[in-house]
Amino acid sequence: MQSHTGPGDLTSVDLTDLALFADGPPHELFARLRSECPVHWNNTADGPGFWSLTRGSDITAASLDPVTFSSARGGIFFRPDTLIPLEVGRRDFMLWKDPPEHAKYRNVITKFCLPRTLILVDAVVDDIVTNTLDAVAQRGRCDVVGDIAVPVVATVIARLLGAPDEDIEQLNAWTRDIEQGITLDLNQSASVEEMGRYCAKLVGSQVVRGVDSLANTLAQPDGDGNRLSQSEIAGFFAMLLFVGNNHPRNAISSAVHALLENPDQLELLRAESPRMRTTRSGLAPVALEELLRWSTPVNYLARTATTDTTIAGTDIKAGDRVVMWYASASRDPDLFPGADRLDVTRDKCDPPHYAFGGGGEYFCQGAALTYRIMSVTLREILRRLPELALAGPVTYERSAFVTAPTSVPVRFDRTGSLDTQRREQDLVDELERLTGKTVTLES
Ligand code: HEM
């Protein structure tokens, strides 16, 4: 990894250089930027450059002012045309929209967070996690990314969208195309269009059949009579398909890696002290927040200044691009005392992290769903894979956009797995019933 951690010039730092992200985000470099140059001009080899914000307070201020810091004007990635042409993003996806148009989407989409939708999801998450862990618990080793996080999250999202399980491979392929498009600055219009057609079909069939589904929930008008058209819902589905599939899987995989690198914290969770006691639904919320802070899955999103302004005393010109580094803000010691220490018992901070953005209008609408998936999956990993340890090198995607483990190989004691014990006890019970005698495992 290129080093920008020692004393020296920060002016040449280019955060679009993927070499900096070979092992995840460059946290030491972010620490220097926060303290020495928190509003940093980043020259790029072949573009106009951008301002990098690395402190939490500056990112919060920019996020809370979408009129000055626009998502629509130049899109939300390093370059306006990354992934898809800017006009397509603005037309089809709410993340590219500014107020007041954004509010129409937001109001209707908050329905997505209604308890009813979460109850729908609740009903499937436990089952999916149990089935996935059933498949690995007997093996004694597995890859947390490919064997647990990817299948669990993709299956939950498929169920939420009403997509059949046999399409999951295709959903994962599109998710990969989009992530690569953003990371490598590729035009992936073909995949996005294909995904859009798929989602339109899915939405159309659910709305026509009137089935109890997310599409139909979203098709209902909000309190002001605003409603989304089928094609707008399809655009929303396409976005959910990517963000819902990509980010939670990265959050789960990174969380397991973080706990294995910090065994004292893993022990705290396993010991279930009163503060850490798992709720019925999974891991203690305080621990989840800390794991999201530690490995903030979306590293950055961008805005464009609509007018001349200043951030922390630095002049920003209308039209300048501004990149908000959430991965850095989540480690800002001004907001999180001892920020470079993973502490699953950390006292509540406000905000708890920047994983779901800088707050305000664009705060992640999938936060509740993410907590639910993460919480149940991590609870079951801790419960059913005893003696969990790393079994090889952990690798990360070279990406400035996401913190995405590509492999977290682990081993565990398969004979001690609760699943094995449960099966053995079932066997004992059955033998006792058949023989009418007391049976022990040794006998
Ligand atoms: C660990 C998981 C996740 C992370 C790290 C994450 C991150 C984010 C971030 C940073 C934003 C802010 C966008 C901005 O300011 O421009 C956002 C917005 C959003 N997220 Fe998530 N997200 C996650 C999971 C999900 C899930 C599971 C869903 C839905 C299935 C979802 C749906 C959304 C939506 C709809 C918005 C747009 C909100 C708006 O424009 O008003 N997210 N997310």
Side-chain angles (χ1 to χ4, degrees), residues 121-122 124-157 245-273 276-295 297 342-345 355 369-396 403-423:
V121 170
D122 263 14
V124 300
V125 173
D126 279 298
D127 258 9
I128 293 166
V129 173
T130 305
N131 290 341
T132 309
L133 283 174
D134 276 350
V136 302
Q138 298 301 306
R139 296 192 344 219
R141 50 176 62 223
C142 74
D143 190 331
V144 174
V145 182
D147 294 321
I148 301 178
V150 169
V152 163
V153 176
T155 312
V156 173
I157 293 301
N245 199 8
N246 190 75
H247 307 337
R249 80 160 66 143
N250 292 337
I252 291 167
S253 310
S254 299
V256 174
H257 183 204
L259 290 171
L260 291 175
E261 283 203 318
N262 294 273
D264 56 326
Q265 301 298 304
L266 180 65
E267 269 327 297
L268 277 174
L269 290 182
R270 277 204 201 282
E272 296 193 10
S273 65
M276 288 294 96
R277 183 159 298 138
T278 48
T279 55
R280 191 198 69 79
S281 62
L283 230 58
V286 59
L288 281 182
E289 302 282 26
E290 176 68 353
L291 290 165
L292 281 163
R293 183 189 75 79
W294 187 253
S295 308
L342 179 72
D343 175 3
V344 293
T345 65
L369 174 61
T370 301
Y371 287 128
R372 180 74 187 132
I373 306 177
M374 270 185 87
S375 170
V376 174
T377 310
L378 292 172
R379 175 195 71 194
E380 289 301 291
I381 288 175
L382 296 186
R383 199 176 70 86
R384 296 196 45 195
L385 309 181
E387 310 290 330
L388 193 64
L390 283 175
V394 172
T395 51
Y396 279 81
T403 295
T406 45
S407 176
V408 181
V410 292
R411 59 187 156 71
F412 45 88
D413 177 7
R414 70 190 169 94
T415 57
S417 108
L418 289 180
D419 186 54
T420 308
Q421 290 166 6
R422 201 179 63 212
R423 279 164 208 248

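This structure is a prediction, so every number in the text was calculated from the model and none was measured. Along the sequence shown, the residues carry numbers beginning at 1.
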Side-chain touch [X]/[Y], heavy atoms, less than 4.5 angstrom:
| X | Y | result |
| --- | --- | --- |
| Glu261 | Leu342 | no |
| Val156 | Arg372 | no |
| Leu385 | Ile148 | yes |
| Leu292 | Ser254 | no |

Taking all non-hydrogen atoms of both residues, which atom of [X] and which atom of [Y] are closest, and how far apart?
| X | Y | answer |
| --- | --- | --- |
| Gln265 | Asp343 | OE1-CA, 3.4 Å |
| Thr345 | Val286 | C-CG2, 4.3 Å |
| Ile157 | Asn245 | CG1-N, 3.9 Å |
| Pro151 | Val145 | CD-O, 4.1 Å |
| Phe412 | Ala137 | CE1-O, 3.4 Å |
| Glu387 | Asp413 | CG-CB, 3.6 Å |

Out of curiosity, [X] [atom1] to [Y] [atom2], how far, rounded to the nearest 0.5 Å?
| X | Y | atom1 | atom2 | answer |
| --- | --- | --- | --- | --- |
| His247 | Ile373 | NE2 | CD1 | 12.0 Å |
| Leu288 | Thr370 | CG | OG1 | 10.5 Å |
| Leu390 | Leu259 | CG | CG | 10.5 Å |
| Arg383 | Leu133 | CZ | CG | 9.0 Å |
| His257 | Asn250 | NE2 | CG | 13.5 Å |
| Arg384 | Thr130 | CZ | OG1 | 6.5 Å |

_Please determine whether side chain to side chain contact (heavy atoms under 4.5 Å, CB included) holds for the pair Leu378 and Val256, giving the CA-CA distance in whole Å, both sets of side-chain angles, and the decisive distance to 0.1 Å._
CA-CA 8 Å; Leu378 292 172; Val256 174; 3.7 Å; yes
*Quick one: side chain to side chain donor-acceptor pair (under 3.5 Å) partners of Ser253, sequence neighbours excluded?*
none
*Using 4.0 Å as the upper bound for N to carboxylate O, is an ion pair formed by Arg379 and Asp126?*
yes
*Taking Asn262 for the side chain and Asp264 for the main chain, is one N or O donor matched with an acceptor at less than 3.5 Å?*
no
*Does Arg270 use its side chain to pair, donor to acceptor, with the backbone of Leu382 at less than 3.5 Å?*
yes
*Does any donor atom in the side chain of Thr395 or Ser407 lie under 3.5 Å from an acceptor atom in the other side chain?*
no
*Output, in order, the C-alpha distance, side-chain angles, deciding distance and verdict of side chain to side chain contact (heavy atoms under 4.5 Å, CB included) for Met374 and Leu283.*
CA-CA 8 Å; Met374 270 185 87; Leu283 230 58; over 6 Å; no
